[in-house]
Amino acid sequence: MGYRGRIAPTPTGYLHLGHARTFWIAQQRCHDAGGILLYRNEDLDTDRCKPEYREAALEDCLWLGLQWEGTPIDQSPRTEHYLEAFKELRDKGFLFPCTCTRKDILEAPSAPHNEDGETIYPGTCRTRQNGLGESKINWRFRVPHGEKVEFTDAHYGPQTFISGEDFGDFPVWQKNGIPSYQLAVVVDDAAMKITEVVRGADLLTSTARQLLLYRALNLTPPSFYHCELMLDEAGKRLAKRNDALSLRSLRNRGKTPEELRSEWA
Ligand code: GLU
């Protein structure tokens, strides 16, 4: 099968220079391999995603010179696919229902932290059994403790994460009926037969989580290429709230797509 890639913005704000560069690299890699690029709008977080950001992202991507196959694919109408995967994981015993709030997790005396200072789920609910009949409850994936999760990144080379130390039991399904990013992305990359995922290096640890989901769901994972993150002048990661480096404001200030692209060449 030929190369299949995707660009997958989340419409919670305007795209910035970092997204543009990542998407451009995704397109280049796809182009070099003579493949097909899809556009997936990751709009599951109904509280934060807005239709105007979806439209703005499409417009900004077209302005930049990105081209994809077919019409953009929205995640929101695909809930039945995520639900099916969630049920499979739950029925196979990979998940546990969790009543912990964010505050409970942050304040748990036993909560360890990973190298990034992220709190690892302290395990409060992990021995709860499935099938308790709770419908409005969060569900987490029970990660095997101390297992090496390895992959070779096409940009960063060999990667090793230790499950339970570098990341803990992670959310798969939320009590409001919304799947987690980790679940949706795995279900979709598999369903869309993506052969290589190109995305930002902030998601390297998520790749390790996702590899555990691929295995639990008996799905074949794609390859991965993580791009370096862009930093602002203060050395901080670009975020959607840094409006100065949004593609919109760069365009309004007269930058051309060619100028942007030449800076990444
Ligand atoms: N939608 C995610 C984001 O904007 C990217 C997901 C991915 O590429 O796996 O951060």
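Order of listing sets the numbers, starting from 1, for every ligand and every atom in it. When reading the values below, keep in mind they use all heavy atoms of this one structure, side chains included, and skip hydrogens, waters and symmetry mates. What you see is a predicted model, and the numbers here were worked out from it, not measured in a lab.
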- Message: Can you see whether Y181 engages D45 through a side-chain donor-acceptor pair at a distance of less than 3.5 angstrom?
- Response: no
- Item | ligand 1 atoms in contact with Y181 (distance to a heavy atom under 4.0 Å) | 6 (C), 7 (C), 9 (O)
- Message: Taking only non-hydrogen atoms of V185, do any sit less than 4.0 angstrom from ligand 1?
- Response: yes
- Query: In terms of side-chain geometry, is the basic nitrogen of D202 or R237 positioned less than 4.0 Å from the acidic oxygen of its partner?
  - Reply: yes
- Is R21 salt-bridged to E263, cutoff N-O under 4.0 Å? no
- Query: Strictly under 4.0 Å, does any heavy atom of R40 approach an atom of ligand 1?
  - Reply: no
- atom 5 (C) of ligand 1: which protein heavy atom is closest, and how many Å away? A8 O, 3.5 Å
- Mind checking whether R6 contacts ligand 1 via backbone (N, CA, C, O), side chain (CB onward), both or neither, at a 4.0 Å heavy-atom cut-off? side chain
- Going by atom types only, do S249 and N252 share a side-chain donor-acceptor pair under 3.5 Å? no
- Query: Which protein heavy atom lies closest to atom 4 (O) of ligand 1, and at what distance to 0.1 Å?
  - Reply: T10 OG1, 3.1 Å
- Query: Atom CZ in R4, atom CG in D189: separation rounded to 0.5 Å?
  - Reply: 11.0 Å
- Keeping the roles fixed (side chain from N176, backbone from I178), state whether a donor-acceptor pair exists under 3.5 Å. yes
- Task: Under 4.0 Å from a heavy atom of E42: give me the atoms of ligand 1 that qualify, with their elements.
- Result: 1 (N), 2 (C), 5 (C), 6 (C)
